[in-house]
Amino acid sequence: MEQIDLRLLVGALAVLAGGVTKGVTGIGLPVVATPILAVLYDLPTAIAVVIIPTVLTDAALVYRFRDQWREIYRLIPIIPPALVGIVIGTQILVRIDPQLLKIALGSAVLLFVAMSWFNFIPRRGDSFSKRWAPGFGLAAGILQGASGTSAPVVTIFLLQVNLDKAVFLFVINAFFLLVDTSQVFSLLGVGLYTPKLFFAAGIIACLALPALFLTLRLQKYISDRLFRKAVLVVLTLTGIVLIVNN
């Protein structure tokens, strides 16, 4: 019983941290919560219970930055291949050894941390976006379907296009909203959801959404630099645990 209670406590803290991170950076709920829950339970369960609350947080941030709606055109070349990738990734999720998926997710998280920590992200223009968007979209979709988060791929892609903060937050969350919603239906299609998982997703939403809204209200008082470094440390530890805990 003590072990179960400890897992629930750690899982709740992971979800709260993910909601706060989402409010500060515009990304973070699946990046933070999914790897930790995958260590505590299993990856398919973690993805299934986190993805529905993630859709709700995506929608909240899209609404928050809705004044940037004209920038939606940036998603036109990336969305179709991403949707194809989700179907491929979901099949990988239900057919391949979960331990291999944990290694893949851990590697993706560590890549994201390294790119963020060392600012090793070149800035490019719209020509780069048009040329490479389909490839990034396909890779993001496959990673989304197989691991529950496309953030490492799509964040690296969008940061290279040199968007201002408001545009970046609108575009990336509009992308997340589309692919996350698509993944919910993809998971339903392969029969992964059960009433118990739906209930767990509801509990996670009740934790993540208040954390998101509170952080949005307090955002101007938070040191983004310090908080981002703390999150990157947590992600690094999570990525390492995912890779070695096999």
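Below, all heavy atoms of this structure are taken into account, side chains as well, without hydrogens, waters or symmetry copies. Please read these numbers as outputs of a predicted model, since none were measured by experiment.
- Residue Leu61 is grouped with residue Val167 when hydrophobic side chains (ILVMFWY) are merged at heavy-atom distances under 4.5 angstrom, including chains of intermediate members.
- Minimum heavy-atom separation, Leu43 to Ala146: CD2-O, 3.8 Å.
- Distance CG/Leu143 to CD1/Ile86: 10.5 Å, rounded to 0.5 Å.
- Using a 4.5 Å heavy-atom cutoff, the side chains of Phe136 and Val154 are not in contact.
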Inset, instruction - Decide yes or no on side chain to side chain contact (heavy atoms under 4.5 Å, CB included) for Ile72 and Val171, but give the supporting numbers first. - result: CA-CA 6 Å; Ile72 198 72; Val171 172; over 6 Å; no

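- Proximity of Leu83 to Ile79: side-chain heavy atoms (C-beta onward) are separated by under 4.5 Å at one or more points.
- Residues Val49 and Pro53 approach most closely at O-CD, 3.1 Å, considering heavy atoms.
- Between atom CZ of residue Phe175 and atom CG of residue Asp180 there is a gap of 8.5 Å, rounded to the nearest 0.5 Å.
- Looking only at side-chain heavy atoms (C-beta outward), Asp58 and Lys22 come within less than 4.5 Å of each other.
- Under the 4.5 Å side-chain heavy-atom criterion for grouping Ile, Leu, Val, Met, Phe, Trp and Tyr, Tyr63 is not connected to Phe170 through any hydrophobic cluster.
- None of Thr34, Leu192, Thr90 except one satisfies the side-chain contact (heavy atoms from CB on, under 4.5 Å) rule with Ile47; the exception is Thr34.
- In the hydrophobic clustering of this structure, Tyr193 groups with Leu56; members are Ile, Leu, Val, Met, Phe, Trp, Tyr whose side-chain heavy atoms approach within less than 4.5 Å, directly or through other members.
- The two atoms that bring Pro35 and Pro30 nearest to each other are CD-O, 3.2 Å, heavy atoms only.
- Between Leu209 and Thr57, the closest side-chain pair of non-hydrogen atoms falls below 4.5 Å.
- One hydrophobic cluster holds both Ile88 and Leu93 under the rule that ILVMFWY side chains link at heavy-atom gaps under 4.5 Å.
- Following chains of ILVMFWY side-chain contacts shorter than 4.5 Å, one cannot reach Val184 starting from Val87, and the two form parts of different hydrophobic clusters.
- When all heavy atoms are compared, the tightest approach of Leu197 to Ala48 is CD1-CB, 4.1 Å.
- Atom CD1 of Ile240 sits about 6.0 Å away from atom CG of Leu110, to the nearest 0.5 Å.
- Between the side chain of Ser186 and the backbone N or O of Ser182 there is no donor-acceptor pair closer than 3.5 Å.
- Without hydrogens or angle criteria, Gln144 side chain to Val179 main chain gives no donor-acceptor distance under 3.5 Å.
- Across Pro210 and Ala205, no two heavy atoms sit closer than the pair CD-O, 3.9 Å.
- Counting all heavy atoms, side chain and backbone alike, Leu177 lies closest to Val55 at CD1-O, 3.7 Å.
- Here the straight-line distance linking atom CD of Gln68 with atom CZ of Phe168 works out to 13.0 Å at 0.5 Å rounding.
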Inset, instruction - Kindly indicate, with the supporting measurements, whether the criterion side chain to side chain contact (heavy atoms under 4.5 Å, CB included) is fulfilled by Phe65 and Asn173. - result: CA-CA 9 Å; Phe65 295 98; Asn173 280 283; 5.9 Å; no

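- Atom CZ of Phe176 and atom CD1 of Ile51 lie 10.0 Å apart (nearest 0.5 Å).
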